[in-house]
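Note sheet for the following structure.
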Amino acid sequence: MTDKTLVLNICGAPYASLAPLSALRFAKAALATGHKIQRVFFYQEGVTLANGLSCPPQDEINLTKEWQKLAAEHQVELAVCVAAALKRGIIDAKEAARYGLEQHNLAEGFVLTGLGQLVDGMANADRTVTFNS
Amino acid sequence: MTDKTLVLNICGAPYASLAPLSALRFAKAALATGHKIQRVFFYQEGVTLANGLSCPPQDEINLTKEWQKLAAEHQVELAVCVAAALKRGIIDAKEAARYGLEQHNLAEGFVLTGLGQLVDGMANADRTVTFNS
Amino acid sequence: MASLHQLNAQHKLANCLKLLAKTDSLVLIEAAVALAVQADFLQQLPQGVSVFALSSDLQARGLLNNCSPAIQPLSDAEWVAASLEADRVCSW
Amino acid sequence: MASLHQLNAQHKLANCLKLLAKTDSLVLIEAAVALAVQADFLQQLPQGVSVFALSSDLQARGLLNNCSPAIQPLSDAEWVAASLEADRVCSW
Amino acid sequence: MKASNSFDLLVVFTQPPLTASLAKEGLDLSLVNSTFEQQTGLIFLGAGVLQLHPNQQPDILALKGTQAMLQALGLYDINQLFVDEQALLDYSLTTADLLLPTESCNPLQLQKLLATSRNVLTF
Amino acid sequence: MKASNSFDLLVVFTQPPLTASLAKEGLDLSLVNSTFEQQTGLIFLGAGVLQLHPNQQPDILALKGTQAMLQALGLYDINQLFVDEQALLDYSLTTADLLLPTESCNPLQLQKLLATSRNVLTF
């Protein structure tokens, strides 16, 4: 049962759902028991975790930072569905330029990408686990 | 039944809910039948409508722009709960400076304000109508 | 002192029914208009409750013609009027 | 070819039950752990389904000690193991 | 039941604890409402009665929970808490089990609270 | 029922039309899945059967709807659509009423579809 490859699919927003927090618990437990998280995909409202401008109260968990930390420590890819993100106003510098916007907000460590990355992940990982809103 | 004062309380996000769209329909019908929209308050996930970086597909309705237009034409106040907004990464230039952030994204025409504006609205309007997620 | 209950999702019906008095009204909006074509919906309501559903929401989902005759379709203007006629709107 | 059904909200139970085979398992997570202390929950399930609930989610809500003995609390590590032992995870 | 209750705002909690931040946002609003000298009543409906379940430990999930806010209600003169009698039965609870003093209400009593309040918000 | 079905991905629709953008996002994923040569099956469960209700006019709400995407499924070789027999009864529908050809399934048949698919996503 050790050394399996996992893909996590996060579809719920922080605050409106517990999806990013539950997925974080799952990811930590998976890594601690010898498995690999190949990719975390953010779809639907889940893309809002990648908003780099969120300022939670100081005494509350900052889920965006927690995911950035986990991804950096364990080389986990944080892939954000670009179509879902643009609709919801999560945008990197490159897309902002393309849309003529002066500001951008994609948090460091997250990458805008296509739905194909989720499909590829589901096809190749040993197990895909979704966290809904 | 004419000339009543209304407050609308929008608690659901665009895409994840129909709250901003239903409230827009309600507001247009209310204005068309002679009533006044004193204030629109955005709470919970509703604050994400005020994200000025959202780029919906060109063939889809842009709800942020629709609300900006309605507000400008009818002098409607678009009040966004500041605590709910900061947590979710909806931030104006002033708050961004306070938090040491280089970017900001509050859409034009929306104002960050306290929950007191909702309480004041409910206490004084003839009717408050909430649009949940 | 009647309330207008505004229901926007089917799964919120159980809680709505706890506060729905027989002198109150219920308006189905958004995806909750699906209840208007559901076989056992009306018999769950207390006798006497007036039930409305937003016309545009029904029509957008193809349900206007299947809607039970006991449920009255409302234009957006009638929705605003019903919200003002009631003593309060309780949104679920 | 058994599935692990991951349920995170009480109101999704009705749809989950439509796909829940008697050889499948069910894990209650997040606020759905409230089902673990609800009087008529277990009798809605097909005979034979193994039911789990996340220990931390129960404890965070004060429900660990009230949880039915027929429901097995899972640590996060056991949750991962259960997700890998099943043939697939169906998240509601 | 205090039959003459009439609230400026009735806040209705319908979800179990730690369902998104719904309960927290409902309590924030209740407290602000009270600072505006508006009479506030709270109803715990359906699974919302679990908001008052004792021994909650939200810190286990690194979450904040609402226990401190619930304890603060009294300081804001919010003392009228009503719980859904049927929900207590569904979750095998009595009012004595709950975190705060509450009044158990049958459907007609709950409906009367709504019928006599100026505004209502559900969370 | 085509007993030998075995899908790489089963996409389950559970909500009525125009419930947020859930159905659209499920269909987007189905189409992309197909372009990756992955076998895709769709189940319309509970109120999800209304996704296939005829005469939808989402433009009345200035919304886009999913009719064009549903019509495109065949071009992507997605022809296996299954509907929940009980839900058809609940909404007084038959498969003949629906926008696309579908197969009506009882609970055991629905459960078998899940048991023989590699991955599943619910919308």
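Each chain gets a letter, A, B and so on, in the order its sequence line appears, and its residues count up from 1. For clarity, every value in this text was computed on a predicted model and none was experimentally measured.
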B:Arg25 (side chain) donor-acceptor with C:Ser56 (main chain) under 3.5 angstrom |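 No.
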
So what's closer than 4.5 Å to chain C heavy atoms on [X]: side chain, backbone, both or neither?
{"X": "B:Ala30", "result": "both"}
{"X": "B:Ser133", "result": "backbone"}
{"X": "B:Leu6", "result": "side chain"}

Under a 4.5 Å heavy-atom cut-off, does chain B meet the side chain of C:Leu54, its backbone, both or neither?
->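 C:Leu54 touches chain B through side-chain heavy atoms alone.
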
Does any heavy atom of chain B fall under 4.5 Å from the side chain of C:Asp87, the backbone, both, or neither of them?
->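 Just the backbone, heavy atoms under 4.5 Å.
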
Considering only heavy atoms from C-beta outward, does the side chain of [X] approach that of [Y] to under 4.5 Å?
{"X": "C:Gln6", "Y": "B:Thr130", "answer": "no"}
{"X": "C:Trp92", "Y": "B:Asn132", "answer": "no"}
{"X": "B:Leu21", "Y": "C:Glu30", "answer": "no"}

Please check if atom CD in B:Glu102 has more than 12 non-hydrogen atoms from other residues, nucleotides or ligands closer than 6.0 Å.
->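 Counting neighbours around CD of B:Glu102, 12 or fewer heavy atoms of other residues, nucleotides or ligands fall under 6.0 Å, so no.
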
Give a yes or no on whether B:Glu108 atom CD has more than 12 heavy-atom contacts from other residues, nucleotides or ligands under 6.0 Å away.
->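 Atom CD in B:Glu108 is not crowded, with 12 or fewer foreign heavy atoms closer than 6.0 Å.
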
Specify the closest pair of heavy atoms between [X] and [Y], including all atoms of both residues, with the distance to one decimal.
{"X": "B:Ser22", "Y": "C:Trp79", "value": "O-CH2, 3.5 Å"}
{"X": "B:Ala29", "Y": "C:Ala77", "value": "CB-N, 3.9 Å"}
{"X": "C:Leu84", "Y": "B:Arg127", "value": "O-NH1, 3.5 Å"}

Let me see the working for B:Lys28 and C:Asp76 under side chain to side chain contact (heavy atoms under 4.5 Å, CB included), right down to the final yes or no.
-> CA-CA 9 Å; B:Lys28 285 182 176 173; C:Asp76 287 356; over 6 Å; no

Measuring from [X]:[atom1] to [Y]:[atom2], what's the distance to the nearest 0.5 Å?
{"X": "B:Phe131", "Y": "C:Asn8", "atom1": "CZ", "atom2": "CG", "answer": "10.0 Å"}
{"X": "B:Leu18", "Y": "C:Asp57", "atom1": "CG", "atom2": "CG", "answer": "7.0 Å"}
{"X": "C:Ser83", "Y": "B:Leu8", "atom1": "OG", "atom2": "CG", "answer": "9.5 Å"}

